Enquirer: 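Have a look at this one.
All figures in this text were calculated on a predicted structure; none of them were measured in a lab. Hydrogens, waters and symmetry mates play no part in the numbers below; they use all other heavy atoms, side chains included.
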Amino acid sequence: MADDVYTIDHDATLFYYFQGNRDGTAKVKKEVRYDRNLWNTCAQLQIRIPFITKYPTAPVEPYSPNANPYSGFGNLELRYIYAVTDKTFDHSLVAGVALPTQSNGVESIDTQLKFFYNVKWKWNGGAIASTNEYDQTIIRPPGASETSLYEQELTLPYWSFVDDPNWKGLKLSATYTGKVYFNDGSIYKSAVGVMLNGSLNDVALSFRDTWGIGANGLWKYKVEANASARF
């Protein structure tokens, strides 16, 4: 959220996730992000540069005829962020576009618009955050898949559970993610998990592990980690 990494002149983030799907396939995403303030500390421009590896269970012509892992550049994203922070309440508006820059068939070649509204209520000893996202395909070439979804992530209570001064910023939270896929019969899928986040000097760190819920789970399990450096 805004008070973690978005109140500085500029920063860089390394992001990683491994997602194991229910059908036995898997996906790894490695991403470099760069944020730069615009006319004030509330407004930022962000670029996301992804590299994706997929692990199929069956041949994928022509990308993986022997069902071996295959990799490629993902869809580059540009985002505009306007974030306002306060001692008790943060909120931000985000608008972005995902460009069809993928290679080797690792993502769809559609162009998407993305909109976010993120809020965080804070109190002494805890907080609750809600991230709301809407993605919509605006250009879909022949053969490309369409995206139309709403996603909400809830994170709470940002509990500080250690007294060591060196780890004072380390916090533990529970997370819940729910998605509605409007282009697929309005199917609802969800996942729950835990998250650790904190900071070491000017580097913000986080780790999250989530598991899909029920027959419509978002995935079997997913591990995410990122580190954001301020400079």
Side-chain angles (χ1 to χ4, degrees), residues 5 11-36 44-81 94-116 118 131-153 177-185 187 189 191 206 208 210 212 217-228:
V5 294
D11 66 80
T13 299
L14 296 177
F15 174 80
Y16 170 92
Y17 80 60
F18 176 87
Q19 177 180 311
N21 299 314
R22 292 174 171 269
D23 61 1
T25 64
K27 177 181 178 181
V28 168
K29 185 174 185 178
K30 303 171 185 176
E31 189 171 75
V32 176
R33 304 171 184 172
Y34 175 75
D35 298 78
R36 185 69 166 90
Q44 291 89 30
L45 183 65
Q46 182 184 83
I47 182 171
R48 296 182 170 212
I49 305 172
F51 186 80
I52 293 170
T53 300
K54 287 196 168 182
Y55 298 82
T57 57
V60 182
E61 299 288 351
Y63 309 112
S64 179
N66 297 315
N68 294 323
Y70 60 103
S71 302
F73 190 76
N75 290 334
L76 183 145
E77 289 190 33
L78 296 175
R79 295 187 182 185
Y80 169 77
I81 303 164
V94 182
V97 58
L99 303 172
T101 56
Q102 71 84 34
S103 62
N104 205 30
V106 295
E107 287 195 291
S108 175
I109 55 173
D110 62 324
T111 301
Q112 300 175 25
L113 287 182
K114 299 188 176 189
F115 301 96
F116 303 79
N118 307 323
T131 300
N132 301 273
E133 174 182 354
Y134 177 70
D135 298 350
Q136 179 62 53
T137 295
I138 57 170
I139 301 175
R140 184 177 64 165
S145 61
E146 179 184 4
T147 296
S148 181
L149 63 86
Y150 167 75
E151 175 180 336
Q152 183 184 48
E153 292 185 359
T177 303
K179 281 187 181 182
V180 180
Y181 293 87
F182 299 111
N183 61 318
D184 195 14
I187 294 176
K189 298 184 178 183
S206 73
R208 181 164 67 166
T210 55
L218 277 168
W219 41 72
K220 186 175 181 181
Y221 61 91
K222 186 175 184 179
V223 177
E224 303 171 71
N226 70 62
S228 298

Enquirer: Heavy atoms only: give me the nearest I52-G74 pair and the separation to one decimal.
Expert: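 Nearest pair, atom of I52 first, then G74: CD1-CA, 4.0 Å.
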Enquirer: What closest approach, in Å, do T57 and A67 show between heavy atoms, and which atom pair accounts for it?
Expert: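 Closest approach of T57 to A67, heavy atoms only: C-CB, 4.3 Å.
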Enquirer: If you take all heavy atoms of N118 and N132, which pair is closest and at what distance?
Expert: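 For N118 and N132, the tightest heavy-atom pair comes out as OD1-N, 3.8 Å.
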Enquirer: Give a yes or no on whether a salt bridge exists between K54 and E107, defined as a side-chain N under 4.0 angstrom from a carboxylate O.
Expert: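 Not counted as a salt bridge, because no side-chain N and carboxylate O are separated by less than 4.0 Å.
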Enquirer: Near F73 CZ, under 6.0 Å, is it more than 12 heavy atoms from other residues, nucleotides or ligands?
Expert: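 Correct, the count exceeds 12.
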Enquirer: Scan for salt bridge (charged side-chain N to carboxylate O under 4.0 Å, His left out) pairs involving residues 58-72, sequence neighbours excluded, and state none if there are none.
Expert: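 Counting only pairs at least two positions apart or across chains, no salt bridge (charged side-chain N to carboxylate O under 4.0 Å, His left out) contact touches residues 58-72.
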Enquirer: If you look only at pairs with a residue in residues 62-76, which of them pass as a side chain to side chain donor-acceptor pair (under 3.5 Å), with sequence neighbours excluded?
Expert: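 Matches after skipping sequence neighbours: T53-S71.
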Enquirer: Under the salt bridge (charged side-chain N to carboxylate O under 4.0 Å, His left out) rule, collect the residues that match up with R22, sequence neighbours excluded.
Expert: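 Scan of R22 (salt bridge (charged side-chain N to carboxylate O under 4.0 Å, His left out), adjacent residues dropped) gives none.
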Enquirer: Is the count of non-hydrogen atoms from other residues, nucleotides or ligands lying under 6.0 Å from K27 atom NZ greater than 12?
Expert: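 Counting neighbours around NZ of K27, more than 12 heavy atoms of other residues, nucleotides or ligands fall under 6.0 Å, so yes.
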Enquirer: Residues two or more places apart in sequence or in another chain: which of them pass side chain to side chain donor-acceptor pair (under 3.5 Å) with D23?
Expert: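 Testing D23 for side chain to side chain donor-acceptor pair (under 3.5 Å), a comparison that skips the adjacent residues, returns T25.
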Enquirer: With sequence neighbours excluded, tell me which residues meet side chain to side chain donor-acceptor pair (under 3.5 Å) with Y16.
Expert: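 Side chain to side chain donor-acceptor pair (under 3.5 Å) list for Y16, sorted by chain: empty.
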Enquirer: Cut-off 3.5 Å, side chains only: do Q44 and D35 have a donor facing an acceptor?
Expert: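 No, because no side-chain N or O of Q44 sits under 3.5 Å from a partner of the opposite role on D35.
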Enquirer: Just wondering, do V32 and L14 contact through their side chains at under 4.5 Å, heavy atoms?
Expert: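 Of all side-chain heavy-atom pairs linking V32 with L14, at least one is under 4.5 Å.
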Enquirer: Using the salt bridge (charged side-chain N to carboxylate O under 4.0 Å, His left out) rule, collect all pairs that involve residues 139-150, keeping only residues at least two apart or in two chains.
Expert: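 Sorted result for residues 139-150: R140-E146.
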Enquirer: Could you check whether atom NZ of K30 has more than 12 heavy atoms from other residues, nucleotides or ligands sitting under 6.0 Å from it?
Expert: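 Counting other residues, nucleotides and ligands, NZ of K30 stays at 12 neighbours or fewer.
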Enquirer: Sorted by first residue and then second, give each side chain to side chain donor-acceptor pair (under 3.5 Å) pair with at least one member in residues 97-106; sequence neighbours left out.
Expert: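 As it turns out, there is no side chain to side chain donor-acceptor pair (under 3.5 Å) pair with a partner in residues 97-106 once direct neighbours are skipped.
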Enquirer: Could you tell me the separation between the CD atom of E224 and the CD atom of Q19, rounded to the nearest 0.5 Å?
Expert: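 Output value for this atom pair is 8.5 Å.
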Enquirer: Side chains of L45 and I47: does their closest heavy-atom pair fall under 4.5 Å?
Expert: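 With C-beta onward as the side chain, the pair stays apart.
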Enquirer: Under the salt bridge (charged side-chain N to carboxylate O under 4.0 Å, His left out) rule, collect the residues that match up with K29, sequence neighbours excluded.
Expert: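 Salt bridge (charged side-chain N to carboxylate O under 4.0 Å, His left out) list for K29, sorted by chain: E31.
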Enquirer: Indicate whether any N or O donor in one side chain lies under 3.5 Å from an N or O acceptor in the other, for Y34 and D11.
Expert: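 No, no side-chain donor-acceptor pair sits under 3.5 Å.
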Enquirer: Can you name the salt bridge (charged side-chain N to carboxylate O under 4.0 Å, His left out) partners of K189, sequence neighbours left out?
Expert: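 Salt bridge (charged side-chain N to carboxylate O under 4.0 Å, His left out) list for K189, sorted by chain: empty.
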Enquirer: State which residues pass side chain to side chain donor-acceptor pair (under 3.5 Å) with T147; sequence neighbours excluded, sorted by chain then number.
Expert: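 Here the qualifying residues are Q112.
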Enquirer: So which heavy atom on I109 is nearest to which on A144, and how close?
Expert: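 So the two residues come closest at CG1-CB, 3.7 Å.
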Enquirer: Test of understanding: with salt bridge (charged side-chain N to carboxylate O under 4.0 Å, His left out), list the residues that count as partners of R79, not counting sequence neighbours.
Expert: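 With sequence neighbours excluded, R79 shows a salt bridge (charged side-chain N to carboxylate O under 4.0 Å, His left out) to E77, given in chain and number order.
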Enquirer: Can you see which heavy atom on F182 is nearest to which on Y134, and at what distance?
Expert: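 Of all heavy-atom pairs spanning F182 and Y134, the closest is CE1-CE1, 4.0 Å.
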Enquirer: State which residues pass side chain to side chain donor-acceptor pair (under 3.5 Å) with S145; sequence neighbours excluded, sorted by chain then number.
Expert: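 With sequence neighbours excluded, S145 shows a side chain to side chain donor-acceptor pair (under 3.5 Å) to S108, given in chain and number order.
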